[in-house]
Amino acid sequence: MYQRSCVWLRRDLRVLDNPALFDACQTSEAVVAVYVIPAAQWQEHHKSAIQADLIRRTLQHLQQELAQLNIELVVLQADSFDDQVALLSQCVNTWQIDGLFVSREYEVDEVARDKRLVQTLNDDIAIQWYDERCVIKPNAIVNGSGQPYKVFTPFSKAWLKQLQESGWQCLAKPQMLSGLMSDVDSSCLPLCSLKADDWPYPIDDSSAYAADGKTVLAQLRAFSAERAERYQADRDFPAIDGTSILSPYLAIGSLSAKQCLARLCHDHGAPWELADGARTWLTELIWREFYQHVMVAWPHVCKDKAFKPDYEDIPWANDEQLFQAWCRGETGYPLVDAAMRQLNETGWMHNRLRMIVASFLCKDLLIDWRWGERYFMTKLVDGDFAANNGGWQWAASTGTDAAPYFRIFNPETQSKRFDGQGRFIQQYLPQLQGVDTKLIHQASAGGHYLPAVVDHKERRQMCLALYQQSLNKEAG
DNA sequence: TGCACCTTGTG
DNA sequence: ACAAGGTGC
């Protein structure tokens with residue numbers, strides 16, 4: 001039993017199914033929670049202002065929810081990860097903490113920070129670590145040779161098998177503690193207000209996304225009950241509201257993957273016998289796990305490296321003008337531009353469109369996938385390193401289970417297939433309303449739109465040459 | 001080891 | 001149909 005415990009919240013901003021919080025409450029007389037904003041580190045990791053704002057609003061709600069459990073949530077401000085460690089150490093000492101409860105983060109910098117924390121706190125207090133970001137924790141799934149999987153399909157089969165064997169459970173809301181830790185002295189600490197005006201990071205309004213746990217959960221329930229069945233049929237069409245848009249909450253941890261799985265099974269049955277619609281959505285959840293596992297097994301992907309070393313030295317053209325055109329949604333390819341406008345305007349982009357604009361950046365504009373990866377992080381409300389990096393490396397053919405390099409999306413074909421009526425295009429490019437559907441998918445919309453910055457057929461040939469040149473060089 | 005598999009494209 | 005690749009059983 002601990003007298004005075006501290007829960008360090010990071011990407012587990014929820015009261016339900018939070019093992020660190022749950023255990024702290026079960027084993028302690030009194031509990032205090034702390035969140036430390038590392039503003040400079042966020043900049044360095046290209047965290048979007050909109051995601052930071054969603055965190056800010058989520059913390060406001062969490063503060064109230066925790067107060068009902070007799071837990072104070074103290075929000076502090078640091079610059080770097082080193083400052084974060086120093087602050088935590090200061091909290092532990094000044095608050096006379098004897099138990100620290102933390103959920104793991106798996107990125108290289110985060111792991112290094114946590115290692116420093118362990119060294120700093122030394123043997124002063126016990127730290128309890130929890131794995132909650134994945135349903136099945138990283139390193140726990142290996143292939144027949146005892147190695148982590150590099151290919152998704154066998155990974156997902158092994159994942160399901162393991163789930164069936166070991167089972168899983170969601171944790172309930174912790175029981176209210178008998179009293180508040182009343183003497184938490186924060187007077188010497190860099191307290192941070194959760195008001196937008198005082199927030200130590202650029203503000204980008206995130207109010208289109210839910211910040212309170214109840215609403216997030218209601219969204220999960222509504223999706224599972226009303227739309228999961230149609231997910232497989234609807235998910236590829238950006239004009240249809242076919243996806244769950246729960247990714248922002250999974251990214252900041254106001255929702256856990258286990259909660260998603262539990263709700264899906266509650267409505268649709270066991271994971272291994274789901275009907276097509278729900279099964280396809282579960283598959284997307286497993287993709288998320290897959291990329292987390294890949295990042296842990298091959299941490300060099302965290303250091304700006306291609307997963308496949310052979311693909312490290314592709315001589316990208318990296319034309320700044322073309323990159324700007326892509327960022328702004330001014331390439332002249334209607335669906336690509338509409339997609340980029342969705343990202344810029346809402347902080348979110350449909351996954352089909354993420355694949356299309358990523359393929360276009362790498363294989364039509366011949367720009368380094370890392371430029372796109374970075375831009376996505378600065379804009380996405382659901383930015384998550386592993387998922388974003390995995391997706392970009394997939395598109396660039398440099399990653400695990402990637403599309404072969406000669407597989408190059410044809411923007412016009414994709415547009416016809418997944419936005420046949422041009423409804424999505426017209427939503428974000430209203431100037432194309434009224435343009436014939438025979439023309440709307442074409443580069444420059446058959447003359448009704450901006451001139452195309454490149455010619456797909458020509459660039460496709462250049463792309464193949466670029467990759468081949470680079471690969472032959474490696475082989476020789 | 002050979003073969004299926006892969007968020008697809010071109011001829 | 002076939003394909004400029006790579007993985008896993």
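Letters A, B, ... are given to chains in the order of the sequence lines, protein chains preceding strands, and every chain is numbered from 1. On a predicted model such as this, the values are computed, not experimentally measured, just so you know.
We find that NZ of K363(A) is positioned 11 Å from C1' of dA4(C), with the value rounded to whole Å. As rounded to whole Å, 13 Å separates atom P of dA4(C) from atom CD of Q461(A). In this structure, NZ of K457(A) is placed 8 Å from P of dT10(B), rounded to the nearest angstrom. The CZ-C1' distance, from F360(A) to dT8(B), rounds to 17 Å in whole Å. A straight line from CZ of F155(A) to P of dC9(C) spans 13 Å, rounded to a whole angstrom. Residue E458(A) contributes atom CD, which lies 18 Å from atom C1' of dT10(B) at whole-angstrom precision. Atom pair I408(A):CD1 and dA4(C):C1' shows a separation of 10 Å (rounding to whole Å applied). Whole-Å rounding puts the H456(A) NE2 to dT8(B) C1' distance at 11 Å.
In K308(A), the NZ atom is crowded: over 12 heavy atoms of neighbouring residues, nucleotides or ligands sit closer than 6.0 Å. Heavy-atom contacts from other residues, nucleotides or ligands closer than 6.0 Å to CD of Q324(A) number more than 12.
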Shorter than 3.5 Å, N or O on both sides, protein versus nucleotides 5-8 of chain C: list them out with atom names.
unit_1 : atom_1 : unit_2  : atom_2 : d
dG8(C) : OP1    : K150(A) : N      : 2.7

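Aromatic pair F360(A)/W326(A): ring centres not closer than 6.0 Å. Between W281(A) and F223(A), the gap from one ring centroid to the other is short of 6.0 Å.
Taking 4.0 Å as the cut-off between side-chain N and carboxylate O, R374(A) and D304(A) count as a salt-bridged pair.
The side chain of R417(A) approaches dT8(B) more closely than any other nucleotide in the set dT8(B), dT10(B), dA4(C).
Comparing dT1(B) with dA4(C), their C1' atoms are spaced 23 Å from each other, to the whole Å.
With hydrogens and angles ignored, the 3.5 Å screen pairs a side-chain donor or acceptor of Y333(A) with a backbone N or O of H456(A).
Paired runs in DNA chain C that reach 3 or more consecutive Watson-Crick or G-U pairs, where each pair keeps both distances under 3.5 Å, cover B:2-6 with C:5-9, B:8-10 with C:1-3.
The shortest distance between side-chain heavy atoms of H441(A) and Q414(A) does not fall below 4.5 Å.
Under the 90° criterion around 0 for the glycosidic angle, dA4(C) counts as syn.
Contacts of D236(A) with the nucleic acid, taken as non-hydrogen atoms under 4.0 Å apart, are absent.
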Check: residues 161-171 of chain A side-chain donor-acceptor pairs under 3.5 Å, at least two apart:
unit_1  : atom_1 : unit_2  : atom_2 : d
Q162(A) : NE2    : A140(A) : O      : 2.9
S166(A) : OG     : Q162(A) : O      : 2.7

